[in-house]
Novice: 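The structure under discussion is supplied below as structure tokens; questions concerning it will follow.
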Amino acid sequence: MQKELAKPIKTKQKNSTNNDVIAGIDVGGTKIAVALENKSRERIISRSFPTQVELGPAEILKNILENIDRMLDESRSELKAVGVCTPGPIDIQKGLVLSPSNFRDWVEFPIVRIIGERFGVPVVFDNDANAAALGEFFDGVGRKFETILYVTISTGIGGAIIFSGKIYHGTAASAGEIGHTIVQPQGALCGCGTRGCLETISSGLSIARRAKEIVRLNGGKLIGVDVDDITAKTVIEAVRREDKIALSVWDETVRYLAIGIGNAITTIAPEAVIIGGGISQAGDVLFKPLQAYLKQNVSMLPIDDVKILPAALGANSGICGALILARRAIDEIRDN
């Protein structure tokens, strides 16, 4: 079955050589991953570095492009196409990053045009959750399914839907944004401008924020960690050690996550829900209570028939998807 991806931005092509490569760019809230892949689909060089959101979009993209230039020089390769993913919302047709909640300065930023002009190659663009879903669908745990819901939980929360082997983009390429479904009306203000989004409770940043608020209110520390040093990772570690504050924060986190995912399961009835992002690394600490809460929340279909699975590619889901986007540009050139 042919699997639909976002359309490439076309540019004039150079002659093919034995050193041809494609590039994948995965722009995340905390780090950026870039990779080059050759004709045999072998990843020949990869690199990651902090995003440094405070630098702003122009400087961040400059860092990315300079890294790709160095990688091309080191590998003596010639670039033929680029796949790039960023947090949403985005405009795929215009190649714009609109204004992601964790990238407030990226307002209608023309990322595709800048990359295309710099390298003179086709550029294929999608949001990070769709790219990660593609990575899992083609190369990871989603290979045996036709319909999946992909949820990524890290700095923020994103999602993607694949129906019958095809990414469902929806109106304005906004389908799957589960992190911005409202689960707690009148709750905390979200970066997207509404209140009570799932992201305000169950994302990595929100887990740390809520734990800090409780520790400050009650005084003391979280398993020996100073309040300013609390992160989602330290909360998870404290849960494993049965810290009362951490257990309270974590139970609320998973309970609301199950509301958001449960609503999505009831709506689209996927064969599987694949959960990626840094928070998914919590393992059974996440998946056991999540499955228990989902059984309470989903009644319109047999929840045991829906597989709840950790992403197999881990932090590589996004970059794998970005490379898949770039491959499509190459395939389309061959077809033409």
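Heavy atoms only: backbone and side chains are in, while hydrogens, waters and symmetry mates are out.
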Novice: Are Phe119 and Val123 joined in one hydrophobic group, where the rule is that I, L, V, M, F, W and Y side chains link up if heavy atoms are under 4.5 Å apart?
Specialist: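 Yes; Val123 is reachable from Phe119 via cluster members.
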
Novice: How about Glu66: does its CD atom have over 12 heavy atoms from other parts shown lying under 6.0 Å from it?
Specialist: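 Yes, the 6.0 Å shell around CD holds more than 12 heavy atoms from other groups.
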
Novice: Using a strict 4.0 Å threshold on nitrogen-to-oxygen distance, state whether Asp26 and Lys31 make a salt bridge.
Specialist: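 Result for this pair is no, no salt bridge flagged.
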
Novice: Measuring from atom OG of Ser206 to atom CG of Leu198, what distance do you get when rounded to the nearest 0.5 angstrom?
Specialist: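 That separation rounds to 9.0 Å.
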
Novice: Counting heavy atoms not belonging to Arg241, are there more than 12 under 6.0 Å from its CZ?
Specialist: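 At most 12 heavy atoms, drawn from other residues, nucleotides or ligands, come within 6.0 Å of this atom.
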
Novice: Should Phe125 and Phe103 be counted in the same cluster of Ile, Leu, Val, Met, Phe, Trp and Tyr side chains packed under 4.5 Å apart?
Specialist: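 Looking at the clustering, Phe103 is in the same group as Phe125.
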
Novice: Determine whether Arg210 and Thr253 satisfy the following criterion, side chain to side chain donor-acceptor pair (under 3.5 Å), listing intermediate values before the conclusion.
Specialist: CA-CA 10 Å; Arg210 287 165 35 243; Thr253 297; 3.2 Å; yes

Novice: Salt bridge check: are Glu213 and Arg209 linked by an N-O gap of less than 4.0 Å?
Specialist: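 Yes, charged N to carboxylate O under 4.0 Å.
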
Novice: Is it true that atom CZ of Arg41 has more than 12 heavy atoms of other residues, nucleotides or ligands lying nearer than 6.0 Å?
Specialist: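 Atom CZ in Arg41 is not packed in, count stays at 12 or less.
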
Novice: Test of understanding: clusters of I, L, V, M, F, W, Y form through side-chain heavy atoms closer than 4.5 Å, transitively. Do Ile214 and Ile223 belong to the same one?
Specialist: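 Not linked; separate clusters.
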
Novice: So does Lys94 get a backbone contact from the side chain of Asp91, meaning a donor-acceptor N/O pair under 3.5 Å?
Specialist: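 Answer holds: yes.
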
Novice: Can you tell me how far the CG atom of Asp128 sits from the SG atom of Cys85, to the nearest 0.5 Å?
Specialist: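 Answer rounded to 0.5 Å: 6.0 Å.
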
Novice: Would you say Leu96 and Phe109 make side-chain contact, with heavy atoms under 4.5 Å?
Specialist: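 Contact flag for Leu96/Phe109 side chains = no.
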
Novice: Indicate, with yes or no, if Ile178 and Ile153 share a hydrophobic cluster defined by side-chain heavy-atom contacts under 4.5 Å among Ile, Leu, Val, Met, Phe, Trp and Tyr.
Specialist: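 Ile153 and Ile178: one cluster.
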
Novice: To the nearest 0.5 Å, how far apart are OG in Ser248 and CG in Asp243?
Specialist: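 Going from OG on Ser248 over to CG on Asp243, the span is 10.0 Å.
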
Novice: Would you mind checking if Asp284 and Arg240 are paired as a salt bridge, meaning a charged N to carboxylate O distance below 4.0 Å?
Specialist: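 Looking at Arg240 and Asp284, the cut-off is not met.
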
Novice: Is the backbone of Tyr150 close enough, under 3.5 Å, to the side chain of Glu136 for a donor and an acceptor to pair up by distance?
Specialist: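 No; zero donor-acceptor contacts below 3.5 Å.
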
Novice: Counting only heavy atoms not in Lys212 (residues, nucleotides, ligands), do more than 12 fall under 6.0 Å from its NZ?
Specialist: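 For Lys212, atom NZ is crowded (more than 12 foreign heavy atoms under 6.0 Å).
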
Novice: Flag yes if Leu286 and Leu247 sit in one hydrophobic cluster, no otherwise; membership is Ile, Leu, Val, Met, Phe, Trp, Tyr, and two members link when side-chain heavy atoms are under 4.5 Å apart.
Specialist: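 Result: yes, single cluster for both.
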
Novice: When rounded to the nearest 0.5 angstrom, what distance separates CD1 in Ile92 from CG in Asn127?
Specialist: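 The distance works out to 7.0 Å.
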
Novice: Would you check if the side chain of Thr181 reaches a backbone N or O of Gly260 as a donor-acceptor pair within less than 3.5 Å?
Specialist: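 Checked: no pair found.
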
Novice: Could you go through the side chain to side chain donor-acceptor pair (under 3.5 Å) check for Tyr256 and Asp251 one step at a time?
Specialist: CA-CA 9 Å; Tyr256 279 98; Asp251 180 71; over 6 Å; no

Novice: Verify whether one side chain among Asn130 and Tyr168 offers a donor that lies under 3.5 Å from an acceptor in the other.
Specialist: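 No donor-acceptor contact under 3.5 Å links the two side chains.
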
Novice: Find the distance between CG (Leu79) and CG (Asn19) and round it off to the nearest 0.5 Å.
Specialist: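 Separation between the atoms: 12.5 Å.
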
Novice: Looking only at atom types and distance, does a side-chain atom of Ser202 sit under 3.5 Å from a main-chain N or O of Glu199, one as donor and one as acceptor?
Specialist: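 Not a single qualifying donor-acceptor pair exists.
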
Novice: Rounded to the nearest 0.5 Å, what's the gap from CG on Asp126 to CD1 on Ile324? Could you check?
Specialist: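 Rounded to the nearest 0.5 Å, the CG-CD1 separation comes out at 11.5 Å.
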
Novice: What heavy-atom pair brings Ile261 and Val273 nearest, and what distance separates the two atoms?
Specialist: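 Reported closest heavy-atom pair: CG2-CG1, 4.2 Å.
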
Novice: Flag yes if more than 12 heavy atoms outside Glu54 fall under 6.0 Å of its CD atom; otherwise flag no.
Specialist: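 Counting other residues, nucleotides and ligands, CD of Glu54 exceeds 12 neighbours.
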
